[in-house]
K.L.:
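Below you'll find the structure I mean.
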2 protein chains.
Amino acid sequence: MQKRIPVSPDSTRCSTCMLSEICLPLGMARNDISRLDELIKERIRLPKGTALFHRGDKTEAVYGIRSGSIKTQLEDASGQVQITGFLLPGEILGMDGLVDNTHVSHAIALEDSEVCVIRLDEMDRLAMQLPVLQQQLRRLMSKEINRSHLLVMSLGALRSEQRLAAFLLNLSHRLSALGYSPYEFVLRMSREEIGNYLGLTLETVSRLFSRFAREGVIKIHQREVHILDMQALRTLAGSDCA
Amino acid sequence: MQKRIPVSPDSTRCSTCMLSEICLPLGMARNDISRLDELIKERIRLPKGTALFHRGDKTEAVYGIRSGSIKTQLEDASGQVQITGFLLPGEILGMDGLVDNTHVSHAIALEDSEVCVIRLDEMDRLAMQLPVLQQQLRRLMSKEINRSHLLVMSLGALRSEQRLAAFLLNLSHRLSALGYSPYEFVLRMSREEIGNYLGLTLETVSRLFSRFAREGVIKIHQREVHILDMQALRTLAGSDCA
DNA sequence: CGATCAATTGAGCCGTCTCAATTTGGGTGG
DNA sequence: CCACCCAAATTGAGACGGCTCAATTGATCG
């Protein structure tokens with residue numbers, strides 16, 4: 001299920017990775033980044049639908065997404081699920097499992113994906129010589145806290161159309177940072193998953209997409225999205241009166 | 001407004017603090033904890049209603065609450081507010097401001113409060129000699145991520161009565177860990193603040209409190225809460241069918 | 001002791017959910 | 001290659017939960 005791949009001398013490393021502008025190396029000095037090559041010793045290939053980790057698994061590493069996309073979700077005693085994030089290349093996951101070194105969420109690939117394994121023991125070892133690495137992890141964790149707080153804001157303070165518009169803008173923005181078009185992209189998740197993430201039903205999501213399309217803000221066919229009027233989408237996302 | 005108080009030789013320190021079972025020292029060895037005394041050099045006294053920090057302030061420290069209680073809230077461009085947490089003694093705040101070393105949220109005292117200042121530069125310095133401290137911060141940040149994810153779950157997946165019941169249980173649990181009664185406590189925040197936090201209106205919160213009281217689950221008078229039937233409250237919080 | 005703010009309670013409305021029927025698309029095996 | 005099947009998405013009708021607006025009561029604090 002999980003195919004672990006050693007990083008061979010000729011494969012891409014942090015120092016040569018295109019994602020270094022987004023991922024762990026962000027903002028680090030060139031020769032500090034080359035030290036990261038010691039850190040990432042393997043990758044894991046995840047076919048669509050498979051789990052990187054489940055709740056209860058021992059946390060031995062955090063993971064940087066190299067390609068594909070992954071959802072993280074909580075599951076309570078009664079089986080109720082809440083998706084807490086859709087992660088894209090360059091983003092780090094697994095940082096919610098560092099309290100007792102046990103994962104509390106599930107991470108599942110939305111499409112065939114590959115992640116870089118950042119082992120915690122290696123991390124601690126290397127951080128002794130490279131203090132900037134600790135600060136880097138601290139930044140990434142802080143970012144994750146902020147991401148989650150923004151989702152709280154979305155769920156707690158926005159109406160449904162604002163949530164969905166903000167969701168599209170957020171995706172557009174992150175994909176654009178990866179070098180893709182901010183105007184055209186493919187949703188890797190179902191209506192049901194979007195609804196779960198945004199605290200809405202799948203029907204509401206579908207209706208809103210249809211409405212946005214009817215109003216000429218987007219064009220949507222199945223999972224292919226075209227943003228036709230970015231400004232209108234921003235207006236939908238922001239408060240009406242602003 | 002902010003009264004900074006140097007920690008004098010005779011005042012309480014981490015090594016003698018009652019909160020060491022909850023706060024930064026949690027799980028650390030006795031003589032590692034005594035090293036923390038070097039870390040906390042001052043405290044800040046916050047009268048009710050005053051801010052510990054605002055969005056945009058430079059993040060020079062994180063803070064451990066010594067007494068009182070503090071709310072943290074986001075505020076978007078249009079002035080829309082979302083409360084992201086109500087923090088109690090022994091809990092750490094400010095960890096969302098470590099991305100660009102600038103706070104993104106506001107922290108406001110719900111009552112007269114006092115916090116211990118954990119300066120980041122001191123932290124980094126000490127962590128060189130005391131690697132366990134880095135892991136400690138990592139755990140605390142992971143805990144904050146989890147806290148936020150649980151709020152997401154509450155907002156995204158629970159109905160209003162479940163949210164409010166879960167809120168009361170959570171408070172009860174945390175107060176109990178501080179040595180207070182899990183059955184009787186005083187809410188430090190208004191109905192409006194509870195509503196904002198839980199994604200409800202203040203009227204809905206008030207009505208639900210009244211209903212819980214009518215059903216004999218709690219007794220509530222203004223901000224004084226008595227939990228009469230803890231199990232019933234758990235049932236209200238959990239899924240009905242479970 | 002009045003002024004002010006917080007909390008309660010009610011009535012009516014609106015948005016989102018639920019339940020259900022239909023359409024569309026993708027994948028699979030004959 | 002086509003027909004079939006199943007999952008995903010769309011769309012509609014009706015119900016209900018939580019919101020809005022409004023009035024009243026109850027605390028708190030000069």
Side-chain angles (χ1 to χ4, degrees), chain A residues 47-49 71 80-83 108 110-112 154-168 186-215 218-226 236 239-241, chain B residues 47-49 71 80-83 108 110-112 154-168 186-215 218-226 236 239-241:
Chain A
K48 176 175 176 170
K71 67 170 171 177
Q80 177 75 267
V81 165
Q82 174 66 46
I83 295 175
I108 296 160
L110 292 171
E111 59 187 312
D112 292 354
S154 173
L155 290 167
L158 304 187
R159 41 180 63 267
S160 62
E161 65 168 25
Q162 294 178 310
R163 288 183 214 176
L164 191 63
F167 172 76
L168 286 176
V186 175
L187 300 171
R188 297 302 177 177
M189 67 296 283
S190 68
R191 302 289 189 266
E192 183 168 18
E193 287 169 323
I194 297 173
N196 181 292
Y197 178 69
L198 296 176
L200 304 169
T201 56
L202 69 96
E203 293 95 331
T204 300
V205 172
S206 179
R207 273 186 252 272
L208 286 169
F209 275 146
S210 300
R211 210 184 84 204
F212 288 176
R214 212 177 312 124
E215 291 166 352
I218 63 172
K219 217 157 75 79
I220 184 161
H221 178 68
Q222 296 290 115
R223 300 191 177 183
E224 284 167 37
V225 177
H226 290 237
L236 282 170
S239 65
D240 330 304
C241 53
Chain B
K48 176 174 177 173
K71 68 170 171 175
Q80 176 75 265
V81 165
Q82 173 67 45
I83 296 175
I108 295 160
L110 292 170
E111 58 187 313
D112 292 354
S154 173
L155 291 167
L158 303 187
R159 42 182 60 269
S160 61
E161 65 167 26
Q162 295 178 310
R163 288 183 214 176
L164 190 63
F167 172 75
L168 287 176
V186 175
L187 300 171
R188 297 302 175 178
M189 66 298 284
S190 69
R191 302 289 189 264
E192 184 169 16
E193 287 169 323
I194 297 172
N196 180 293
Y197 178 67
L198 296 176
L200 304 169
T201 58
L202 70 97
E203 292 95 331
T204 299
V205 171
S206 179
R207 273 186 252 271
L208 285 170
F209 275 146
S210 301
R211 210 184 86 203
F212 288 177
R214 213 177 313 125
E215 291 167 350
I218 63 171
K219 217 157 73 80
I220 185 159
H221 178 69
Q222 296 292 114
R223 299 191 178 185
E224 284 167 37
V225 178
H226 290 237
L236 282 170
S239 64
D240 330 306
C241 54

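Here is the naming used below: chain letters follow the sequence lines, and residue numbers restart at 1 for every chain. Keep in mind the model is a prediction, meaning the values are calculated, not measured.
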K.L.:
Give one of base, sugar-phosphate or nothing for B:Q222, where a contact means two heavy atoms less than 4.0 Å apart.
P.N.:
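Since only primed, P, OP1 and OP2 atoms lie under 4.0 Å of B:Q222, the category is sugar-phosphate.
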
K.L.:
Rounding to an integer number of Å, can you tell me how far B:E224 CD sits from C:dA7 C1'?
P.N.:
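After rounding, the gap between these two atoms is 14 Å.
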
K.L.:
Looking only at side-chain N and O atoms, does A:S160 come under 4.0 Å of OP1 or OP2 in C:dT16?
P.N.:
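Yes, A:S160 has a side-chain N/O under 4.0 Å of OP1/OP2 on C:dT16.
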
K.L.:
Look at the side chain of A:R223 against the base of C:dG25 and say whether a donor-acceptor pair falls under 3.5 Å; ignore hydrogens and angles.
P.N.:
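Checked by distance alone, the answer is no.
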
K.L.:
Check this for me: does the side-chain of B:E203 come within 3.5 Å of the base of D:dC21 through a donor and an acceptor?
P.N.:
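Indeed there is one.
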
K.L.:
Are B:K71 and B:E193 side-chain neighbours, meaning at least one heavy-atom pair lies under 4.5 Å?
P.N.:
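Yes, close enough: below the 4.5 Å cut-off.
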
K.L.:
Report the distance from atom CD of B:E161 to atom C1' of D:dG17, rounded to the nearest whole Å.
P.N.:
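Rounding to the nearest Å, CD of B:E161 and C1' of D:dG17 are 11 Å apart.
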
K.L.:
Between the base of C:dT16 and the side chain of A:R211, is there a donor-acceptor distance below 3.5 Å?
P.N.:
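Such a pair does not exist between side chain and base.
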
K.L.:
Ignoring hydrogens and angles, are the base of C:dG15 and the side chain of A:R207 linked by a donor-acceptor pair under 3.5 Å?
P.N.:
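A donor-acceptor contact between them is absent.
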
K.L.:
For DNA chain C, whose closest nucleotide is more 5', that of A:L158 or that of B:F209?
P.N.:
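By nearest-heavy-atom nucleotide position, the 5'-most residue is B:F209.
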
K.L.:
Under 4.0 Å, counting only non-hydrogen atoms across every strand here, what does A:G195 touch: a base, just sugar-phosphate, or nothing?
P.N.:
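Nothing: the residue A:G195, judged by heavy atoms under 4.0 Å, touches no strand.
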
K.L.:
Using a 4.0 Å heavy-atom cut-off, does B:L200 contact any base of the nucleic acid, only the sugar-phosphate backbone, or nothing at all?
P.N.:
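Answer is sugar-phosphate: B:L200 comes under 4.0 Å of backbone atoms only.
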
